[in-house]
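Working notes, structure below.
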Amino acid sequence: MPELPEVETIARGLAKRVTGEVVESVWLGQKKEPLKSPARQMAATLEQSRIAAVRRVGKHIVFDLERDDLARAPFPAKSRNRPDDVANAKQSLRGGPSLAGKRARPTPTRSSEKAQWIVHLGMTGRLQICSPEADIEKHTHAILKLASGRELRFVDPRRFGRLSVSAAADFDAGGMEPLEIDVDRLIQLFRGRKTPIKSALLNQNLLRGVGNIYADESLFRAGIRPRRRAATITREQFGKLHSSIQEVLREAIALGGSSISDYVDTEGKAGFFQLQHRVYGREGEPCLVCKTPIKRIVIAGRSSHYCPQCQK
DNA sequence: ACTATTTCCTGGATGC
DNA sequence: TGCATCCAGGAAATAG
C-alpha cells in the first residue's frame with residue numbers, strides 16, 4: 001500500500017529524525033522472509049555506522065551509511081553464512097530485544113566507507129522510532145539501537161516488506177523516477193508494448209514508485225482506460241498521462257499520502273490524499289465528472305477502477 | 001525479450 | 001458466537 005507519495009512522506013520524516021544518528025547495535029528477527037541480505041552481513045554493515053541521509057528511491061527507503069572513523073572496521077565483504085546465523089534470534093522479545101553485540105575485531109581503514117540499508121515496506125511494513133521501553137509490537141523483524149538511546153524498528157505483519165544492505169553504495173532500484181522523467185522518455189518506455197497500460201504503469205522496471213492507487217488515479221485524469229494496450233496510446237495521450245502522473249503524485253505528497261487501512265507516517269500522522277481519490281475504491285459510486293458509476297475490473301490480478309464514460 | 005500467471009503472507013471483513 | 005472463506009497488495013518466480 002505505501003506507494004511513492006507515502007514512501008516519500010515516510011522517508012522525509014525519517015530524514016528529519018535520524019540523520020546523523022549512529023547505529024550502535026542491531027537485532028534481527030528469526031523470520032527469514034523480510035531479509036534479502038544475510039542477517040550477519042546486515043547487522044555488521046549497520047552496526048557502528050552513521051546515517052548520513054535517508055531518501056526515497058522508487059518505493060524503497062534508502063539509508064545512506066558512512067563509517068569514516070579510522071578506529072572502526074570497514075564494511076564487511078560479502079560472506080556466506082549458515083542459514084541459522086540470525087543475530088540472537090532465539091532471544092525472547094518480551095524481555096526486550098537482546099542486541100547482537102560482539103563483532104570481529106575492527107580492522108583499521110583509511111578511506112571513508114559507504115554502504116546503504118534499503119527498506120521496502122511492501123504492503124504493511126512500518127518503521128517506528130521509539131524509546132527502548134516502548135512495547136515491542138507483534139511482527140517486529142528488526143530493531144536498530146541508536147546512539148541517542150532511541151530505537152528504529154521495522155514491523156511488518158504480512159512480511160511482504162524486504163530489508164537489504166548494499167555494501168558498495170550503488171543501490172539501483174531499476175526503472176525511472178516518475179517525477180523526473182520527461183514526456184519523450186516516458187513514451188520511449190511504453191511505446192510498442194502490448195501489455196495493458198495499467199500493467200505497464202505498475203512495472204517497476206519501467207517507472208518506479210507508481211502503485212495501484214496512483215496508476216488508477218493517473219489514468220482517470222488522463223482519460224485512458226486501464227485495459228488500453230500501451231502500444232495503442234497516442235503521443236498526445238501520453239502527454240496527458242505524463243502530466244497526470246506527476247500532478248497526482250505531487251498532490252498526494254503534499255497531502256502526506258493516502259491513508260488506506262492503517263497507514264500512518266513516522267510521526268503517526270495519517271495522510272489525506274484518499275479524500276481526493278476519484279476512482280480508486282469508488283466502485284459503483286458516481287463519477288465526480290459525469291455521474292456514471294465507477295467500474296472495477298481485475299487486470300493481472302489487480303483491482304482497477306475507472307469511469308467507462310470519461311476514460312476511453 | 002516480453003507477457004501472463006502464480007505465489008508469498010496475515011488481519012479484517014463477510015457469510016452461514 | 002464461532003468458524004470458514006475471501007480479499008488486499010508488490011514483486012519475485014515460474015511458465016508460456
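Protein chains get the first letters and strands the later ones, always in sequence-line order, with residue 1 at the start of each. We use all heavy atoms of the structure for the numbers below, so side chains are in, but hydrogens, waters and symmetry mates are not. Since the model is a prediction, treat every value here as computed from it, not as a measurement.
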May I ask you to evaluate whether His139(A) reaches the phosphate of dG11(B), defined as a side-chain N or O under 4.0 Å from OP1 or OP2?
yes

Without decimals, in angstroms, what is the distance between Leu202(A) CG and dA8(C) C1'?
14 Å

What nucleotide among dG11(B), dA8(C), dA11(C) has an atom nearest to a side-chain atom of Pro157(A)?
dG11(B)

For nucleotides 1-5 of chain B, give me every protein contact, N/O to N/O, under 3.5 Å, one pair per line with atom names.
unit_1 : atom_1 : unit_2    : atom_2 : d
dT3(B) : OP1    : Lys194(A) : N      : 2.8
dT3(B) : OP2    : Arg193(A) : NH1    : 2.8
dA4(B) : OP1    : Arg229(A) : NH1    : 3.2
dA4(B) : OP2    : Thr195(A) : OG1    : 2.8

Between dG11(B) and Lys138(A), is there an OP1 or OP2 to side-chain N/O distance shorter than 4.0 Å?
yes

Side-chain N or O of Arg159(A) less than 4.0 angstrom from OP1 or OP2 on dC8(B)?
no

Could you tell me how the ring of His60(A) sits relative to the ring of His120(A): parallel (under 30°), tilted (30 to 60°) or perpendicular (over 60°)?
perpendicular

Which pairs, protein N/O on one side and nucleotides 12-14 of chain B N/O on the other, fall under 3.5 Å?
none

Hydrophobic clusters here meaning ILVMFWY residues chained together by side-chain heavy-atom distances under 4.5 Å, can you tell me if Leu201(A) and Val57(A) are in one?
no

Specify the separation, in whole Å, of atom CD1 of Ile118(A) and atom C1' of dA11(C).
16 Å

Take atom CG of Leu4(A) and atom C1' of dG10(C), then tell me their distance rounded to the nearest Å.
14 Å

Phe160(A) CZ to dC8(B) P: how many Å, rounded?
10 Å

Looking at Arg158(A) and dA8(C), is any side-chain donor or acceptor paired with a base atom of the opposite kind under 3.5 Å?
yes

Rounding to an integer number of Å, can you tell me how far Lys36(A) NZ sits from dG10(C) P?
16 Å

Enter the distance from Glu21(A):CD to Ser49(A):OG here, rounded to the nearest 0.5 Å.
11.0 Å

Would you say Ile10(A) and Arg126(A) make side-chain contact, with heavy atoms under 4.5 Å?
no

On the 0 to 90° scale, with breaks at 30° and 60°, tag the Phe63(A)-Trp117(A) ring pair as parallel, tilted or perpendicular.
tilted

Which whole-number value in Å describes the distance from Asn203(A) CG to dA11(C) C1'?
10 Å

Atom-pair distance (CG on Asp156(A); P on dG11(B)), nearest Å:
11 Å

pair Leu121(A)-Glu6(A): side-chain heavy atoms closer than 4.5 Å:
no

In whole angstroms, how far is the P atom of dA11(C) from the CE atom of Met123(A)?
11 Å

Would you call Arg67(A) and Glu113(A) a salt bridge, taking side-chain N to carboxylate O under 4.0 Å as the test?
no

NA contact type, Gly211(A), heavy-atom cut-off 4.0 Å: base, sugar-phosphate, or nothing?
sugar-phosphate

Should Ile253(A) and Arg12(A) count as side-chain neighbours, where that means a heavy-atom distance under 4.5 Å?
yes

Can you list the steps and then say if Thr234(A) with Glu236(A) is a side chain to side chain donor-acceptor pair (under 3.5 Å)?
CA-CA 5 Å; Thr234(A) 65; Glu236(A) 193 187 349; 5.1 Å; no

